Peer 1: 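Below: one structure in structure tokens.
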Amino acid sequence: MSLLDGGVAELAAAVRSRQVSAAEVLEEALARIEEAETELHCFNTVMLEAARAQAEAVDGAIAAGRDPGQLAGVPVALKDNMCTRGTPTTCSSKILQNWVPPYDGTVVRRLAEAGAVAVGKTNLDEFAMGSSTENSAFGPTRNPWDLGRVPGGSSGGSAAAVAAGLVPLSFGSDTGGSIRQPASFCGVVGVKPTYGLVSRYGLVAFASSLDQIGSFGATVADAALALEVAAGHDPLDSTSLDLPAPRLVEALGEGVEGLRVGVVDDFLAEVAPSCSLAAVAAAEALAAAGASCENVSIPEMLLGLPAYYIIAPAEASSNLARYDGVRYGLRVDGPDVETMNARTRAAGFGAEVRRRIMIGTYALSAGYYDAYYGQAQRARTILIRAFDAAYERFDVLVAPSTPSSAFAFGAKTEDPIEMYMSDLCTIPSNLSGHPAVSVPFALDSDGLPVGVQVLAPALGEPVMLRVAAALEAVAPPGVRGPVRPAASSSAVATGGGGGGRAGEGGGEVAGG
Ligand code: GLN
């Protein structure tokens, strides 16, 4: 077995002890990317030269007797809304197609300082608005489990890259579910940390009161280690919590004995049976491992989706005002400044981004502000209070990650509301600022992965990830990646129920 398919800590240890060089590890990852990329399109940019230079620097440090850090030689993929100095950062938008940031985001810098090797920028829904990567201006990413299906979104490229084993780690952003939903669709672990735990300096803003950077890994331990490296106070982000980075990996094996687990009832009737069954099975598994599990009704959870689809577009309409043809990226000239602005934005933004800007502008406009934005903020407060009450009784909550498993290309592109419904179970934790993680826990009848969410109160990452690790330990075999996209079209022994993975045929990829 290749070191790339084992744990991240083991891979870094092998590089640190010179069992393998960072350069060799990188070349293997690049070969895998080269082989899979035509089919999958996980990446907008593969950072060949920069990655080779970074790997060489890691090997050089080791040769000189220095320790490059916890992620020595580990290839990582970065969502293409995270600023990378000298490498385009497009947000999968035509408006930023040729924009090259002059600086690295804090997470990008911290990863490099820990010895990780950034291999590329992953595809997303334009400006992280969407749930399938079909809103990318550069064409969608395919799900390695079934090439006719979406990988989820908006961090679909990051999820698919880990699911296909191209890289052992990746990072994404989660504003309403964009890490957890693709993690669930792709059979990988995806963590959305507490608001403020990970610096957003250098993350292109979508909705600033909700955006968080988080990690993807094949296992809870990998995603937790990545988060440890990325987390911690950053004076460059005014929303960053002034706390040391939490220790997450060391407690993972402590089990769930005595923990109080609430199973959120309100989603169970709203999602596909495969998703509600997975959540119920997860609760049973935790009970068998010594936790006390109880169903809990938190009807306020259902306020999340409508509140989010006012608040997020409102903030987006303001954040995206900066793309004016003057300061960043694309410019389409006109006889006067106003026409130039309008032409630039009409040519540069895709349909969904324009829709969000219009909804947000409307919701914030005089005369409508209180009825829409004000009302959504009140709903948000009510939801937060309901969470607070639940966390007086429970250490963590368990819920489905998504209303369905991965859907076919084109299945939801005609009806925006249908697409928005994908975020039903993930949005509440963004509105509350709480952490949540999706862990692969089942396969549906098509052999597709189904994730389960563990939710925790603010800064509850240690207990949340412990519960996630306990679930991972008892999840049926075959529920998680990596899967080989090429091999997945024929019979693949999944071990778990639900039969083999589909992969041939499937839907046509609807071009972006
Ligand atoms: N799918 C949600 C949206 O389109 C969430 C996106 C995200 O988390 N970035 O807004």
Side-chain angles (χ1 to χ4, degrees), residues 78-82 91-93 122-136 140-141 150-159 170-185 190-193 195 198 200 203-216 304-320 349-360 363 376 380 401-404 406-407 411-413 415-438 451 453 512:
L78 306 167
K79 189 175 183 178
D80 202 12
N81 61 352
M82 297 167 70
C91 294
S92 289
S93 179
T122 58
N123 195 20
L124 64 149
D125 288 291
E126 184 176 4
F127 282 103
M129 297 173 192
S131 305
S132 66
T133 75
E134 290 167 295
N135 295 337
S136 167
T141 298
V150 304
S154 64
S155 315
S158 287
S170 63
F171 279 81
S173 61
D174 190 313
T175 302
S178 280
I179 292 175
R180 291 159 285 156
Q181 186 254 18
S184 180
F185 279 17
V191 190
K192 192 226 49 113
Y195 186 81
V198 176
R200 302 177 305 176
L203 173 73
V204 177
F206 162 12
S208 304
S209 77
L210 303 159
D211 298 338
Q212 262 304 291
I213 291 177
S215 54
F216 290 95
L305 191 92
Y308 172 90
Y309 276 100
I310 295 292
I311 293 170
E315 295 184 16
S317 70
S318 161
N319 273 326
L320 272 59
F349 289 139
E352 182 60 26
V353 173
R354 289 205 297 268
R355 181 180 294 120
R356 303 279 179 115
I357 292 171
M358 287 190 281
I359 294 173
R380 182 177 192 171
S401 296
T402 55
S404 73
F407 46 85
K412 297 181 196 281
T413 41
D415 180 357
I417 308 268
E418 269 275 302
M419 191 69 90
Y420 299 168
M421 293 296 288
S422 306
D423 312 314
L424 180 74
C425 313
T426 46
I427 278 173
S429 309
N430 297 87
L431 289 168
S432 66
H434 295 151
V437 54
S438 179
Q453 243 189 137

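From a predicted model like this one, the values you see are computed outputs, not experimental measurements. Order of appearance sets the numbers: ligands from 1, and atoms from 1 within every ligand. In what follows, every heavy atom counts, from backbone to side chain, and hydrogens, waters and symmetry copies are set aside. Counting begins at 1 with the first residue of the sequence.
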Peer 1: Considering the heavy atoms of Asp174, write down every atom of ligand 1 situated less than 4.0 Å from one of them.
Peer 2: 8 (O)
Peer 1: Under 4.0 Å from ligand 1, counting heavy atoms only, is it the side chain of Ala128, its backbone, both or neither?
Peer 2: both
Peer 1: Hey, are the side chains of Asn81 and Phe127 touching, using non-hydrogen atoms and a 4.5 Å cut-off?
Peer 2: no
Peer 1: Start with the C-alpha distance between Asn123 and Thr133, add both sets of side-chain angles, then the distance that settles side chain to side chain donor-acceptor pair (under 3.5 Å), and finish with yes or no.
Peer 2: CA-CA 7 Å; Asn123 195 20; Thr133 75; 4.6 Å; no
Peer 1: Does Glu352 reach the side chain of Asp125, with side-chain heavy atoms less than 4.5 Å apart?
Peer 2: no
Peer 1: Answer with yes or no whether the side chains of Asp80 and Ser92 bring together a donor and an acceptor at under 3.5 Å.
Peer 2: no
Peer 1: Checking a contact table here: which protein heavy atom is nearest atom 6 (C) of ligand 1, and how many Å away?
Peer 2: Ser178 OG, 2.8 Å
Peer 1: Any idea which protein heavy atom is nearest atom 5 (C) of ligand 1, and the distance to it?
Peer 2: Tyr308 OH, 3.3 Å
Peer 1: Show me which atoms of ligand 1 lie under 4.0 Å from any heavy atom of Ser131.
Peer 2: 1 (N)
Peer 1: Has ligand 1 got any nitrogen or oxygen that is less than 3.5 angstrom from a nitrogen or oxygen of Thr175?
Peer 2: yes
Peer 1: Could you list which atoms of ligand 1 come closer than 4.0 Å to a heavy atom of Ser154?
Peer 2: 9 (N)
Peer 1: Would Tyr309 count as a contact of ligand 1 if the rule is a heavy atom under 4.0 Å away?
Peer 2: yes
Peer 1: Between Lys79 and Thr122, do the side chains contain a donor N or O and an acceptor N or O under 3.5 Å apart?
Peer 2: no
Peer 1: I'd like to know if Gly130 contacts ligand 1, where contact means a heavy-atom distance under 4.0 Å to any ligand atom.
Peer 2: yes
Peer 1: Taking only heavy atoms of Gly176 into account, list the atoms of ligand 1 that are under 4.0 Å away from them.
Peer 2: 5 (C), 7 (C), 8 (O)
Peer 1: Kindly indicate whether the side chain of Phe171, heavy atoms from C-beta on, has any atom under 4.5 Å from the side chain of Ser158.
Peer 2: no
Peer 1: Heavy-atom contacts under 4.0 Å between Asp423 and ligand 1: side chain, backbone, both, or neither?
Peer 2: side chain
Peer 1: Provide the number and element of each atom of ligand 1 under 4.0 Å from a heavy atom of Phe206.
Peer 2: 9 (N), 10 (O)
Peer 1: Any chance the side chains of Arg380 and Ser209 put a donor and an acceptor closer than 3.5 Å?
Peer 2: yes
Peer 1: So between Met421, Met419, Gln181, Arg356, whose heavy atom ends up nearest atom 4 (O) of ligand 1?
Peer 2: Arg356
Peer 1: Asn430 pairs by side-chain hydrogen bond (donor to acceptor under 3.5 Å, both in side chains) with which of Asp174, Asp423, Asp211?
Peer 2: Asp174
Peer 1: Can you find an N/O atom of Met129 closer than 3.5 Å to an N/O atom of ligand 1?
Peer 2: no
Peer 1: So Ser429 and Arg180, side chain to side chain contact (heavy atoms under 4.5 Å, CB included) or not? Walk me through it.
Peer 2: CA-CA 11 Å; Ser429 309; Arg180 291 159 285 156; 3.8 Å; yes
